[in-house]
2 protein chains.
Amino acid sequence: MERRRADIIAETLEERICDGTYPDGERLDEVRLAESFGVSRTPLREALQKLALSGLVEQLPRRGVFVRQPGPVELMEMFEVMAEMESVCGRLAAGRISDEALAELDAANAECRKAVAAQDADAYYLENERFHHIIYRESGNGFLAQETGALHRRLKPFRRMQLRLRGRLPQSMSEHEQIVAALRAGDGPAAADALRAHVAVQGEKFRFLMARLKSAAE
Amino acid sequence: MERRRADIIAETLEERICDGTYPDGERLDEVRLAESFGVSRTPLREALQKLALSGLVEQLPRRGVFVRQPGPVELMEMFEVMAEMESVCGRLAAGRISDEALAELDAANAECRKAVAAQDADAYYLENERFHHIIYRESGNGFLAQETGALHRRLKPFRRMQLRLRGRLPQSMSEHEQIVAALRAGDGPAAADALRAHVAVQGEKFRFLMARLKSAAE
DNA sequence: CGTGCATTTTTTGTATACAAGGAGGTTGAC
DNA sequence: GTCAACCTCCTTGTATACAAAAAATGCACG
């Protein structure tokens with residue numbers, strides 16, 4: 001499918017930006033990166049443009065590309081949108097979800113429960129991701145599922161963080177169960193509210209983390 | 001701001017794809033287009049990649065790029081998402097909108113009314129666009145406003161179409177007034193419902209147009 | 001006459017070479 | 001001594017040249 005060097009490079013750079021290897025504001029030097037990847041500037045430039053369109057880097061004409069980590073304000077905005085989109089997915093899915101998908105959700109939740117028992121936040125996140133993607137898909141709207149998935153991906157590192165807060169795992173777990181209950185009942189508004197709250201609380205927790213990090217830095 | 005040839009070319013191509021100059025499935029030849037623009041393949045390729053990321057063309061590795069007009073199903077999906085996003089904008093805006101913005105909405109509506117009286121669908125669409133963008137902005141969420149605007153832009157040619165249906169202009173007008181009333185009252189749910197319905201009806205009208213075109217072609 | 005393989009040709013992907021614009025330093029004037 | 005203008009170097013943007021892969025064509029064989 002994607003056998004172009006440029007795409008592989010874009011993927012790698014995206015990962016590095018998300019995991020913080022390149023801090024905010026860092027200039028990404030074309031020639032140096034090209035060397036390090038063992039390619040010429042051409043595919044590297046294509047990769048950078050791809051990143052620019054995803055919003056991960058800013059491209060100042062004739063000046064270079066700079067890593068552009070979303071600030072606190074933008075992050076909260078993104079979490080708000082994420083909450084709303086998941087909410088919409090849930091509302092639509094409530095009327096369209098199949099029995100098989102409900103079983104899948106149960107299975108994912110069972111795995112989540114195991115992870116909670118094992119206090120394994122990473123494993124929890126993995127299954128949590130599966131859980132959410134099932135709902136996106138069951139919205140019955142491929143375009144919505146894709147867009148929601150894209151935003152989910154972009155917020156991934158930040159969503160993960162807040163799971164490490166004490167007591168968050170069991171709380172998230174119970175929210176998941178409420179969501180499934182609403183979906184099983186075919187109650188659109190309830191599913192919408194439950195999902196919106198579920199994601200909104202993630203934003204809140206994350207905000208709290210940010211504030212703590214900031215005050216710790218001072 | 002954007003003084004790169006590649007960006008200008010991307011813009012031009014985007015327009016041509018949207019207005020149907022290049023039909024669905026058309027292969028976009030790099031060398032021919034490069035010649036026609038009087039540039040080399042490099043900036044042209046960058047433009048094509050940009051379009052690929054916006055979803056306007058599909059890029060088969062080692063095979064070329066092809067215009068990819070959204071099919072009826074995908075279009076309806078996009079309209080559904082559009083309706084939901086506008087709805088969210090409206091709900092948020094109801095609690096955040098300023099008096100100045102309300103005045104702007106009134107002004108835009110006044111212009112719309114003039115266009116209705118003049119039976120000028122183009123003028124109507126112009127002011128209609130302004131109307132909606134004010135609401136996006138007043139959602140108070142820059143990220144949401146940007147994403148909603150992007151989708152609006154993509155659906156633009158299809159939104160325009162349905163305005164030419166008989167009786168649609170006055171109907172749309174009255175919907176606008178309901179929306180402003182809900183926003184002025186600070187009634188989030190009402191604004192959300194009004195906006196969702198307003199956009200959803202566009203999707204419906206558009207679907208009707210599609211069906212008619214299709215049957216006419218047979 | 002049709003089909004399958006090989007060759008040729010076209011086209012994409014990548015590398016390199018060239019041009020243009022900006023950033024920073026140095027020098028000269030006030 | 002300081003400010004400004006000019007010059008130089010470095011980086012980005014663009015063009016061209018090269019390589020590899022896929023499509024097309026022709027030839028041979030069944």
Side-chain angles (χ1 to χ4, degrees), chain A residues 1-18 20-70 150, chain B residues 1-18 20-70 150:
Chain A
M1 176 143 181
E2 51 165 86
R3 289 267 57 104
R4 276 184 313 246
R5 304 262 229 173
D7 288 323
I8 298 168
I9 292 170
E11 215 173 298
T12 309
L13 288 178
E14 181 180 334
E15 227 173 304
R16 287 194 196 164
I17 291 171
C18 283
T21 303
Y22 299 130
D24 186 42
E26 173 114 337
R27 192 173 79 84
L28 297 180
D29 190 297
E30 290 182 3
V31 291
R32 264 226 301 247
L33 281 175
E35 269 174 29
S36 83
F37 278 103
V39 299
S40 85
R41 278 177 55 218
T42 311
L44 200 121
R45 275 179 62 82
E46 293 187 354
L48 288 179
Q49 295 202 326
K50 199 168 171 175
L51 296 181
L53 288 175
S54 340
L56 282 119
V57 300
E58 195 170 7
Q59 197 168 26
L60 286 316
R62 294 272 179 201
R63 302 204 36 192
V65 311
F66 300 84
V67 175
R68 192 182 159 295
Q69 298 282 13
Chain B
M1 177 142 180
E2 53 166 84
R3 288 266 57 100
R4 276 183 313 242
R5 303 262 228 175
D7 289 323
I8 298 167
I9 292 169
E11 217 172 297
T12 309
L13 287 178
E14 182 180 333
E15 227 172 305
R16 287 194 196 164
I17 291 171
C18 283
T21 304
Y22 300 129
D24 187 42
E26 172 114 337
R27 192 174 79 84
L28 297 180
D29 191 297
E30 290 181 1
V31 290
R32 263 226 300 250
L33 281 174
E35 269 175 28
S36 84
F37 278 104
V39 299
S40 85
R41 277 177 55 220
T42 311
L44 199 120
R45 274 179 62 83
E46 294 186 353
L48 289 180
Q49 295 202 327
K50 199 169 171 173
L51 295 182
L53 289 174
S54 341
L56 283 120
V57 301
E58 196 171 5
Q59 197 168 25
L60 286 315
R62 294 272 179 201
R63 302 204 37 191
V65 310
F66 300 84
V67 174
R68 192 183 159 293
Q69 298 282 12

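Chain letters run A, B, ... following the sequence lines, proteins first, then strands; residues in each count from 1. Quantities reported herein were computed from a predicted structural model and do not represent experimental measurements.
Every residue two or more places apart in sequence or in another chain was checked for a side-chain hydrogen bond (donor to acceptor under 3.5 Å, both in side chains) with A/Ser54, and none qualifies. By the side-chain hydrogen bond (donor to acceptor under 3.5 Å, both in side chains) test, B/Arg5 pairs with no residue at all, sequence neighbours left out.
Between A/Ser40 and C/dA15 there is a side-chain polar atom (N or O) within less than 4.0 angstrom of OP1 or OP2.
Salt bridge status for A/Lys50 with A/Glu14: absent, with no side-chain N to carboxylate O gap under 4.0 Å.
Annotation for B/Arg16: atom CZ counts as buried by contact number, over 12 foreign heavy atoms lying within 6.0 Å.
In this structure, B/Arg27 reaches the sugar-phosphate backbone alone: every heavy-atom distance under 4.0 Å involves primed, P, OP1 or OP2 atoms, never a base. Contact annotation for B/Val39: backbone-only contact, meaning every heavy-atom pair under 4.0 Å involves sugar-phosphate atoms and none involves a base. Contact annotation for B/Arg45: base contact, defined as any heavy-atom pair under 4.0 Å involving a base atom.
The CZ-C1' distance, from A/Phe37 to C/dT14, rounds to 16 Å in whole Å. Between the CD atom of B/Gln49 and the P atom of D/dG13 there is a distance of 15 Å, given to the nearest Å. Rounded to whole Å, atom C1' of C/dG13 lies 15 Å from atom CG of A/Leu44. If you take CZ of A/Arg5 and P of C/dT14, they are 7 Å apart, rounded to a whole angstrom. Counting to the nearest Å, the P atom of C/dT14 and the CD1 atom of A/Ile9 are 8 Å from each other. A straight line from CD of B/Glu30 to C1' of D/dA15 spans 14 Å, rounded to a whole angstrom. At whole-Å resolution of the value, CD in B/Glu46 and C1' in C/dT12 are 15 Å apart. Summarising the geometry, the separation between CZ on A/Arg4 and P on C/dT12 is reported as 12 Å, rounded to the nearest angstrom.
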Show the distances under 3.5 angstrom between N or O atoms of the protein and N or O atoms of nucleotides 18-25 of chain C.
from, atom 1, to, atom 2, distance (Å)
C/dA23, OP1, A/Arg63, NE, 3.2

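A distance of 5.5 Å separates OH of B/Tyr22 from CG of B/Leu13, quoted to the nearest 0.5 Å. Note that CD1 of A/Ile17 is 5.5 Å distant from CG of A/Leu28, once rounded to the nearest 0.5 Å. With values rounded to the nearest 0.5 angstrom, B/Glu35 atom CD is found 8.5 Å from B/Asp29 atom CG.
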